[in-house]
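Read the numbers this way: they start at 1 and go in the same order the structure lists the ligands and their atoms.
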Amino acid sequence: MEVKVFKDKKEASLFAFNYFSDVLKKNNKAVFGLATGSTPLDLYENLCNSDLDFSNATSINLDEYYGLSSDNEQSYHYFMNENLFKKKPFSKSYLPNGEEKDVEKELNRYNEIIKNNPIDLQILGIGNNGHIGFNEPSSPFDSKTRLVDLTPSTIDANKRFFNSIDEVPKKAISMGIGSILESKQILLLAFGKNKKEAIKNTVKGPMDVSVPASALQQHKNTIVILDEDAASLL
Ligand code: F6R
């Protein structure tokens, strides 16, 4: 993996934006794997303010909480509509359906979508514990889409968005690490001091299921895009 360190989140996000634009300019039917969370917000803002046209492109999101309706303000459906799709509609945008009672059916549906739309560029954030998507520590590196239990540390990190910790969903549907690794290109973004340990373990540590993002060491075309704080232990 290649590591690029920028002065701050703004400069790093600009690099990611230019990279994203180039992929779309080369292929207006490109498939983009998208993440939610605070990390890609500047990238999405840049995309919204650009003159790029995504009307032929496809997006596939990494994950969705299980048990939240898509119009819940904390759902990832809601997040993506607010932060990108309202302004920049894609030809097709896929997210896991967190309301589907038949989980097995939903997992199969999502795996088929990923199989039929190979991802050209995958955007990733990283959890404080090294998770990518909602692939928590000990997730197998060859995993496909599945229902996962969120770890206490992830539930705790997410509680800032809810009225109380009891409201934070305890499960999510997540694209697996195996599917993420099939993306042609990957940009992993991380900003801020609370990501520095996870980044050190991802880049310098052994490739091990205790740090899900370390799986990216085996991917041929991954760029890790950092601000100085996230890079401070490298
Ligand atoms: C979100 C996702 C998660 C986040 C990670 C970092 O779709 O897949 O892996 O990327 O939890 O979240 P933030 O960016 O809020 O620090």
Side-chain angles (χ1 to χ4, degrees), residues 8-10 12-13 16 32-45 59-66 68 70 72-85 93-98 110 114 119 121-139 141 143-162 168-181 183 186-199 201-202 209 211-216 222-227 229-231:
D8 54 24
K9 179 179 172 170
K10 203 167 165 225
S13 300
F32 293 94
L34 300 178
T36 58
S38 54
T39 305
L41 279 175
D42 281 10
L43 165 63
Y44 294 161
E45 194 182 326
S59 70
I60 304 182
N61 263 76
L62 283 168
D63 42 19
E64 176 60 287
Y65 287 122
Y66 190 65
L68 282 193
S70 56
N72 184 303
E73 290 186 14
Q74 299 308 333
S75 75
Y76 289 172
H77 277 81
Y78 191 91
F79 176 101
M80 291 308 301
N81 280 331
E82 286 300 307
N83 292 296
L84 188 60
F85 300 151
S93 283
Y94 299 105
L95 282 101
N97 178 1
Y110 217 64
I114 297 166
I119 295 173
L121 177 64
Q122 175 67 57
I123 302 298
L124 294 176
I126 184 170
N128 300 348
N129 62 2
H131 74 213
I132 46 175
F134 271 133
N135 295 289
E136 300 283 24
S138 87
S139 299
F141 284 178
S143 48
K144 300 289 178 199
T145 309
R146 65 213 198 292
L147 185 68
V148 292
D149 291 313
L150 305 186
T151 60
S153 99
T154 299
I155 293 168
D156 193 60
N158 289 350
K159 73 171 185 233
R160 66 191 194 275
F161 301 115
F162 294 84
V168 186
K170 310 293 181 291
K171 288 180 189 289
I173 294 178
S174 180
M175 189 188 289
I177 296 178
S179 305
I180 292 172
L181 290 174
S183 312
I186 298 177
L187 301 183
L188 172 69
L189 280 63
F191 309 128
K193 282 228 180 300
N194 58 351
K195 300 290 170 74
K196 66 184 182 190
E197 284 286 344
I199 288 299
N201 295 333
T202 297
V209 292
V211 181
S214 68
L216 299 171
T222 290
I223 307 179
V224 181
I225 299 173
L226 307 172
D227 67 0
D229 285 341

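Residue contact check: Gly37 has heavy atoms under 4.0 Å from atoms 14 (O), 15 (O) of ligand 1. Per-residue contacts place Ala35 under 4.0 angstrom from the following atoms of ligand 1 (heavy atoms of the residue considered): 7 (O). For ligand 1 and Lys195, the ligand atoms under 4.0 Å from any heavy atom of the residue are 6 (C), 13 (P), 16 (O). Residue contact check: Thr39 has heavy atoms under 4.0 Å from atoms 13 (P), 14 (O), 16 (O) of ligand 1. Interface of Gly125 with ligand 1, defined as ligand atoms under 4.0 Å from a residue heavy atom, comprises 10 (O). Of all the atoms in ligand 1, the ones that sit under 4.0 Å from a non-hydrogen atom of Gly133 are 2 (C), 3 (C), 8 (O), 9 (O).
Put simply, the side chain of Gln122 never gets that close to the backbone of Ile186: no donor and acceptor are under 3.5 Å apart.
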Test side chain to side chain contact (heavy atoms under 4.5 Å, CB included) applied to Asn135 and Arg146, step by step
CA-CA 9 Å; Asn135 295 289; Arg146 65 213 198 292; 2.7 Å; yes
Step-by-step side chain to side chain contact (heavy atoms under 4.5 Å, CB included) determination, Met80 to Thr36
CA-CA 7 Å; Met80 291 308 301; Thr36 58; 3.7 Å; yes
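Taking any N or O of Pro40, backbone or side chain, none lies under 3.5 Å from an N or O belonging to ligand 1. Polar contact with ligand 1: absent for Tyr76 (N/O pair, distance under 3.5 Å).
Among all non-hydrogen protein atoms, the one lying nearest atom 11 (O) of ligand 1 is His131 NE2, 2.7 Å. Residue, atom and distance of the protein heavy atom nearest to atom 1 (C) of ligand 1 are Thr36 OG1, 3.1 Å. Looking only at heavy atoms of the protein, atom 15 (O) of ligand 1 is closest to Ser38 N, 2.9 Å.
Taking the charged nitrogens against the carboxylate oxygens, Lys193 and Asp229 do have a contact shorter than 4.0 Å, which makes a salt bridge.
Looking at residues two or more places apart in sequence or on another chain, you find a side chain to side chain contact (heavy atoms under 4.5 Å, CB included) between Phe161 and Gln74. Ala172 meets the side chain to side chain contact (heavy atoms under 4.5 Å, CB included) test with Phe134, Val148, Leu150; sequence neighbours excluded.
Across Asp63, Asn194, Leu62, Ile123, heavy-atom proximity to atom 7 (O) of ligand 1 is greatest for Asp63.
If you check the side chains of Ser59 and Ser93, you find a donor sitting under 3.5 Å from an acceptor. Between the side chains of Tyr65 and Asn72, no donor N or O sits under 3.5 Å from an acceptor N or O.
The backbone of Ile126, and not its side chain, has at least one atom closer than 4.0 Å to an atom of ligand 1 (non-hydrogen atoms only; backbone = N, CA, C, O). Under 4.0 Å from ligand 1, the heavy atoms of Arg160 that appear belong solely to its side chain.
Remark: Asn61 CG to Met175 CE distance equals 8.0 Å, nearest 0.5 Å.
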